[in-house]
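Working notes for the structure below.
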Amino acid sequence: MFGTLLKMAVSLNEENTVQYHLRVGDERLHLNPVIGQKLTLTHTGKILCSNCGKRTKKSYSQGHCFVCTQKLASCDLCIMKPETCHFDQGTCREPDWAKTHCFVPHYVYLSNTSGLKVGITRHSQIPTRWIDQGATQGLPIFKVSTRQLSGLIEVELAKLVNDKTHWQAMLKGNAEDQNLSARANELIPQIEGRLHELCMENGDYEIERLNENIQPIHFPVTEFPTKVKSHNFDKTPEVSGTLIGIKGQYLIFDTGVINIRKFTSYEVEVSVDTPEQKPESEQLSLV
């Protein structure tokens, strides 16, 4: 396989185990059957902007050239901090894009990554968002009408629980299961005053309290590393080793880990050493 890297495609099967596909250009490689085999990714030295396709010396905002980061709404600061949305001020970079990405239902959720975490995501990104962050459990607790509103609620909850994942701890093992429903019941009364203010400002039907089931998520990992060593294409162009697991957007090798999302738009060549004696049903599958 040869082409530019994209974030791994993910889905859950009936057993709630994540199925991973490595996306390289227009090709996809089902990675779950590759676990236990030698996988090599070699960076050619080229980085091609995921928006305009031009070559760039450095990747910004996960795969963009600098020029595109300055003009795309998806690269604006308010994407990382939705509570700072400036659409009403008339300064949105792409108002039409915002209408389809920011003024659509969003969820505020609790997840279990390296521990309890609060976050937000679009209605179309559950459970993808939880998988990408390496969460073993996820629970939506509010459904709201806009991205900014979800961000404002997240800010309040982040005063009580983490809003970031400790990625090294996440890669060393699975956090102990938590009763996310019970934790939500403990946390929400503590922000009721602010929720009331937001309802008054945005309308009673803008914030909906949910009563959903906890989503369990299982990752295909045969062995967790005791010490996390990161591979970096900018320092070492070839990443190779036995693939022992995948969690979040990280490939876990016996030689270290690499964050595929971080290296979006890097041009790479991918190869797998498949043992000849392996049964045909367990061979590498391209889909």
Side-chain angles (χ1 to χ4, degrees), residues 7 49-52 54 56 58-111 113 116-133 135 138-165 184 187-212 261-262 264-265:
K7 181 176 80 75
C49 176
S50 60
N51 180 62
C52 69
K54 293 181 179 179
T56 175
K58 184 179 179 181
S59 171
Y60 299 88
S61 298
Q62 296 176 350
H64 295 84
C65 67
F66 181 76
V67 173
C68 286
T69 64
Q70 300 304 298
K71 67 180 184 181
L72 295 176
S74 59
C75 296
D76 204 348
L77 177 64
C78 53
I79 295 300
M80 295 298 294
K81 296 184 176 182
E83 68 275 11
T84 64
C85 173
H86 47 91
F87 185 92
D88 289 344
Q89 301 171 31
T91 54
C92 181
R93 295 177 178 181
E94 297 178 276
D96 289 340
W97 183 92
K99 290 175 183 177
T100 58
H101 287 76
C102 302
F103 291 89
V104 295
H106 275 67
Y107 289 98
V108 181
Y109 63 80
L110 294 179
S111 63
T113 55
L116 187 65
K117 176 189 177 299
V118 61
I120 67 169
T121 191
R122 290 201 311 275
H123 65 294
S124 59
Q125 293 300 300
I126 289 178
T128 301
R129 177 60 179 157
W130 300 332
I131 295 171
D132 286 346
Q133 66 184 205
L139 176 71
I141 57 175
F142 291 110
K143 180 181 180 181
V144 302
S145 56
T146 68
R147 184 175 181 83
Q148 183 184 33
L149 189 52
S150 68
L152 290 168
I153 297 175
E154 181 187 30
V155 166
E156 295 305 309
L157 287 169
K159 296 175 183 178
L160 305 173
V161 297
N162 286 328
D163 61 350
K164 293 180 174 59
T165 298
L187 293 167
I188 291 173
Q190 299 181 57
I191 64 166
E192 278 187 352
R194 181 56 176 150
L195 290 175
H196 178 71
E197 291 176 358
L198 292 173
C199 284
M200 295 296 290
E201 295 169 5
N202 296 278
D204 289 340
Y205 298 100
E206 301 293 315
I207 302 175
E208 178 185 354
R209 174 74 167 93
L210 301 175
N211 183 24
E212 300 287 330
R261 191 169 194 171
K262 178 180 178 180
T264 298
S265 296

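Index from 1, following the sequence.
Side-chain contact between Leu195 and Ile188 is present, with heavy atoms from C-beta onward closer than 4.5 Å. Contact annotation: the side chain of Leu152 approaches that of Arg194 to within less than 4.5 Å [non-hydrogen atoms, C-beta and beyond]. The closest side-chain heavy-atom distance from Thr56 to His64 is not below 4.5 Å.
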Output, in order, the C-alpha distance, side-chain angles, deciding distance and verdict of side-chain contact (heavy atoms from CB on, under 4.5 Å) for Leu198 and Glu206.
CA-CA 9 Å; Leu198 292 173; Glu206 301 293 315; over 6 Å; no

Practice prompt. Evaluate the criterion side-chain contact (heavy atoms from CB on, under 4.5 Å) for residue pair Tyr109 and Lys117; output intermediate values, then yes/no.
Written response: CA-CA 8 Å; Tyr109 63 80; Lys117 176 189 177 299; 3.6 Å; yes

Q | Candidate pair Arg93 and Cys75, rule side-chain contact (heavy atoms from CB on, under 4.5 Å), full reasoning | A | CA-CA 10 Å; Arg93 295 177 178 181; Cys75 296; 4.3 Å; yes

message: Please determine whether side-chain contact (heavy atoms from CB on, under 4.5 Å) holds for the pair Phe142 and Glu208, giving the CA-CA distance in whole Å, both sets of side-chain angles, and the decisive distance to 0.1 Å.
response: CA-CA 5 Å; Phe142 291 110; Glu208 178 185 354; over 6 Å; no

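Residue Thr84 comes nearest to Cys78 through the heavy atom pair OG1-CA, 3.5 Å, listed as atom of the first residue, atom of the second, then distance. Between Gln148 and Cys85, the shortest heavy-atom contact is NE2-O, 3.6 Å. Nearest heavy-atom pair, Glu154 versus Val118, reported as atom, atom and distance to 0.1 Å: OE2-O, 3.7 Å. Residues Phe66 and Tyr60 come closest through the heavy atom pair N-CD1, 3.5 Å. Summarising the geometry of Thr165 relative to Gln133, their closest heavy-atom pair is CG2-O, 4.0 Å, with the distance given to 0.1 Å. Across all their heavy atoms, Thr100 and Val104 have their closest contact at O-CG1, 3.5 Å.
Residue Lys7 places its NZ atom among more than 12 non-hydrogen atoms of other residues, nucleotides or ligands, all under 6.0 Å distant.
Counting only N and O atoms by type, the side chains of Thr91 and His86 include a donor and acceptor under 3.5 Å apart.
At distances below 3.5 Å, not a single donor-acceptor pair connects side-chain atoms of His101 with backbone N or O atoms of Lys99. A donor-acceptor pair under 3.5 Å is absent between the side-chain atoms of His106 and the main chain of Ser150, judged by distance alone. In this structure, Ser265 contributes its side chain and Gly63 its backbone to a donor-acceptor pair below 3.5 Å. Proximity of a side-chain donor or acceptor of Glu94 to a complementary backbone N or O of Ala73 within less than 3.5 Å is detected. Checked by atom type and distance alone, the side chain of Arg129 never pairs as donor or acceptor with a backbone atom of Arg122 at under 3.5 Å.
Remark: Gln125 CD to Ile120 CD1 distance equals 12.0 Å, nearest 0.5 Å. Atoms SG and CG, on Cys49 and Leu72 in that order, are 7.5 Å from each other to the nearest 0.5 Å. Here the straight-line distance linking atom CD1 of Ile207 with atom OG of Ser145 works out to 8.0 Å at 0.5 Å rounding. Rounding to the nearest 0.5 angstrom, the gap separating the CG atom in Leu149 from the SG atom in Cys102 is 13.0 Å. For the atom pair Lys159 NZ and Leu187 CG, the distance stands at 13.5 Å (nearest 0.5 Å). To the nearest 0.5 Å, atoms CD1 (Ile141) and CG (Asn211) are separated by 12.0 Å.
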